[in-house]
Q: 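Following this message is one structure expressed as structure tokens.
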Amino acid sequence: MPTLSALAAEVPSGVALAKEQYLVRANGAEPNTLDPGLVGSGSPGDVIVNDLFEGLVIENLQGETIPGQAAFWTISKDGQTITFKLRDQLQWSDGSPLTAQDFVYAWRRAVDPSTGNTTSFYFQTANVLNAEAIIAGEKPASTLGVQAPDDGTLVITLARPTPYFLSLMSIKTFFPVPRAVVEQYGDAWTRAEHFVSNGAYVLKQWVPNEKVEVVRNPHYRDNETTVIDGVTYLALSSQNAELTRYRAGEIDMTNRVQLEYYQKLKQTNPEQIKALRLLGSYVYAFNTRVAPFDNPDIRRALNLVIDRQLLVEKVTGQGEPPAYSVVPDIIPGYQAPEPAFASQSRPEKLAQARELLSKAGYSQAKPLTVKLTYNTSENHKKIALAIASMWKQLGVKVELENMEWNAYLAAKSTGDFTVARSYAFGDFAEPSSVLESFTCGHVGNESGFCNQTFDRLLNQAANTPEKAQRYALFSQAEQILLENSPVIPLYHYNHTRLVRSSLQGFPENNPKGNIYAKDMYFIAQ
């Protein structure tokens with residue numbers, strides 16, 4: 001254990017640390033990959049990769065972007081060339097040197113459409129030169145605007161200035177991967193016996209559907225200031241199981257909090273509740289490619305009758321703001337549009353919804369049937385039951401379909417659903433980070449929604465440097481979403497979890513939801 005004077009600045013002087021520094025956290029579900037080039041943002045694997053690997057930048061406890069593997073960077077006057085200087089003597093967990101070429105290899109691999117990667121769109125979002133043509137199969141991955149003139153320098157060329165570029169660099173798609181290991185073992189490189197990483201931790205064990213264990217990486221650039229010696233991530237989709245093991249002292253940090261226990265702890269032990277407002281919204285997504293949900297009137301009718309205030313007060317009940325828009329209310333300077341029905345009375349909403357359903361050919365004699373898919377979770381089930389009850393007032397019949405995480409992801413990605421519990425997340429503090437996934441043909445556009453005017457407004461905004469004008473265009477685009485209702489926003493995320501009072505270093509602010517184990521520590525009690 002390092003001496004107190006050598007510990008990270010976040011550990012206050014004079015604080016007595018616990019003898020055992022091992023973190024056990026519930027992780028919601030089984031990860032589908034630990035490959036940073038393939039893992040999806042916000043997924044169970046994303047959480048673990050956050051500790052195993054490190055990109056050019058990371059965030060501090062206030063959510064500010066700070067150097068990670070990069071020591072510093074410079075941006076050209078025209079904003080289209082970013083040059084990163086890597087820290088000296090960076091190493092992989094096997095002791096081999098980590099160089100700028102590792103980033104070049106990782107980026108080309110991640111953007112290459114032949115890998116089947118579903119996160120390559122981030123290179124388009126970042127406006128990296130030639131990314132769009134590469135993803136379309138029109139140019140080879142070797143033409144991507146990333147170069148390593150020497151081992152310690154990485155030069156990125158953009159197609160146009162991108163104000164949020166640096167914020168994107170903490171997304172896992174931009175992390176390096178060990179070329180020699182990947183090429184030697186192929187898809188099996190993420191097995192514990194082959195695994196090589198560059199973050200604060202390295203993979204020790206992965207027991208499918210049970211747990212993932214990581215231990216300190218002695219070759220990590222900041223290993224001397226890291227306190228937590230290892231982490232176990234438990235694949236627990238049940239909040240009941242989480243709570244039981246937390247109360248038994250077997251878990252230090254849960255993934256969620258059950259409503260009943262949240263309300264109790266809020267009165268008795270509020271210090272154990274930690275919350276992070278996130279750049280995302282909990283939504284129900286329609287498959288707009290299949291009847292009858294290709295009819296916007298039906299989508300509008302189902303959207304109209306959801307009592308969001310009741311939902312956040314009585315069902316979720318953990319401080320979530322009700323949502324009428326997909327873009328959350330934490331982006332400075334952006335005012336999301338609000339639908340006219342938000343201020344209407346319940347009888348008015350019901351009457352309007354019945355009229356829309358009638359127009360679409362549905363009635364009490366011919367009721368609309370909805371199959372609502374959600375991934376395993378007591379909280380998701382409670383929300384689905386509440387929504388089903390609200391829709392029942394229209395005479396709508398609802399069939400609930402519960403799926404385990406990976407099956408749920410597969411169903412959404414292949415369009416094998418009609419209405420599904422989902423989420424709209426952003427990775428940087430711009431409205432476009434959430435709205436882009438609704439553009440025509442976007443890999444994250446599970447609803448299949450496609451509107452040329454919406455796409456044109458987003459494209460116009462991307463080429464508008466003045467913030468107020470750009471945000472006005474985003475607001476116009478989001479108004480189109482409201483009118484077409486490809487998804488139903490329910491609430492903006494306020495992710496609450498239970499955290500052992502002896503565990504310190506929880507972020508004060510991080511809209512991406514990143515919680516780095518290397519920043520945490522247990523105090524003696």
Side-chain angles (χ1 to χ4, degrees), residues 41 55-59 63-86 100 103-104 106-108 110-111 119-136 138-139 141 143-149 153-175 279 327 330-334 425-439 442 444 454-478 511-512:
S41 289
L56 296 162
V57 304
I58 55 175
E59 294 101 22
E64 299 165 325
T65 298
I66 60 173
Q69 295 283 284
F72 63 91
W73 51 85
T74 57
I75 302 174
S76 62
K77 287 185 177 181
D78 65 3
Q80 292 183 232
T81 303
I82 297 92
T83 302
F84 290 94
K85 286 291 183 179
L86 301 189
F103 281 91
V104 173
W107 286 30
R108 288 176 177 175
V111 78
T119 65
S120 59
F121 68 88
Y122 283 125
F123 292 97
Q124 287 177 272
T125 301
N127 294 312
V128 180
L129 187 67
N130 293 330
E132 188 172 350
I134 294 167
I135 292 169
E138 297 167 0
K139 289 187 177 182
T143 63
L144 187 69
V146 56
Q147 293 178 314
T153 307
L154 189 71
V155 180
I156 315 299
T157 305
L158 305 183
R160 59 174 175 246
T162 306
Y164 50 81
F165 177 83
L166 284 175
S167 178
L168 286 171
M169 291 301 99
S170 66
I171 296 173
K172 317 306 175 284
T173 311
F174 298 100
F175 286 9
L279 193 64
V327 179
I330 59 172
I331 298 179
Y334 180 69
F425 261 110
D427 296 296
F428 52 95
E430 279 266 311
S432 59
S433 67
V434 181
L435 296 175
E436 265 196 3
S437 62
F438 295 96
T439 53
H442 192 284
F454 177 86
D455 286 14
R456 179 177 53 76
L457 286 167
L458 284 195
N459 187 58
Q460 188 179 345
N463 290 287
T464 302
E466 206 281 313
K467 184 176 178 179
Q469 294 176 15
R470 187 167 72 250
Y471 280 16
L473 291 167
F474 286 141
S475 184
Q476 290 178 47
E478 191 164 14
K512 296 179 186 177

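Sequential numbering from 1 along the given sequence is applied to the chain's residues.
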Q: Please work out whether the ring planes of F84 and F165 are parallel, tilted or perpendicular, with thresholds of 30° and 60°.
A: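 Tilted.
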
Q: For G333 and Y471, work out which heavy atoms get closest and say how close.
A: O-CD2, 3.4 Å

Q: Looking only at heavy atoms, which two atoms of I58 and S170 are closest? And how far apart?
A: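 So the minimum-distance heavy-atom pair works out to CA-CB, 4.5 Å.
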
Q: Rounded at 0.5 Å granularity, tell me how far CD in E478 sits from CG in L458.
A: 10.0 Å

Q: From I134 CD1 over to F123 CZ, what is the distance, rounded to the nearest 0.5 angstrom?
A: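 With rounding to 0.5 Å, CD1 (I134) is 9.0 Å from CZ (F123).
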
Q: Can you tell me how far CG of L154 sits from CD1 of I82, rounded to the nearest 0.5 angstrom?
A: 10.0 Å

Q: So, F103 versus F174, ring centres under 6.0 angstrom or not?
A: no

Q: Among all residues two or more places apart in sequence or in another chain, which pass the side chain to side chain contact (heavy atoms under 4.5 Å, CB included) test with L457?
A: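 By the side chain to side chain contact (heavy atoms under 4.5 Å, CB included) rule, L457 matches T453, Q460, L473, Q476, A477, I480.
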
Q: Donor-acceptor pair, distance only, cut-off 3.5 Å: does the side chain of K512 make one with the backbone of S167?
A: yes

Q: Can you tell me which residue pairs pass the salt bridge (charged side-chain N to carboxylate O under 4.0 Å, His left out) test with a partner in residues 465-475, sequence neighbours excluded?
A: E430-R470

Q: Testing the basics here: between P67 and A70, what is the closest heavy-atom pair and its distance to 0.1 Å?
A: CB-O, 3.1 Å

Q: Can you check whether R160's main-chain N or O pairs, donor with acceptor, with T162's side chain at less than 3.5 Å?
A: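 It does hold such a pair.
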
Q: Which heavy-atom pair separates S433 from L279 by the least distance, and what is that distance?
A: OG-CD2, 3.8 Å

Q: Roughly how far, to the nearest 0.5 Å, is the OH atom of Y334 from the CZ atom of F474?
A: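 Rounded to the nearest 0.5 Å, the CZ-OH separation comes out at 8.0 Å.
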
Q: Rounded to the nearest 0.5 Å, what's the gap from CG on L129 to NZ on K139? Could you check?
A: 7.0 Å

Q: Is there any side chain to side chain donor-acceptor pair (under 3.5 Å) pair reaching into residues 76-85, and which pairs are they, with sequence neighbours excluded?
A: S76-D78, K85-T153

Q: Between OG1 of T143 and CG of N130, what distance do you get to the nearest 0.5 Å?
A: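 CG of N130 is found 4.0 Å from OG1 of T143.
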
Q: Side chain to side chain contact (heavy atoms under 4.5 Å, CB included) with E64: which residues, sequence neighbours excluded?
A: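 E64 satisfies side chain to side chain contact (heavy atoms under 4.5 Å, CB included) with N60, Q62 only.
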
Q: Mind checking what makes side chain to side chain donor-acceptor pair (under 3.5 Å) contact with T125, not counting sequence neighbours?
A: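 By the side chain to side chain donor-acceptor pair (under 3.5 Å) rule, T125 matches E436.
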
Q: Excluding sequence neighbours, so at least two apart, what forms side chain to side chain contact (heavy atoms under 4.5 Å, CB included) with T119?
A: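 Partners of T119 under the side chain to side chain contact (heavy atoms under 4.5 Å, CB included) test: N117, Y122, T173.
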
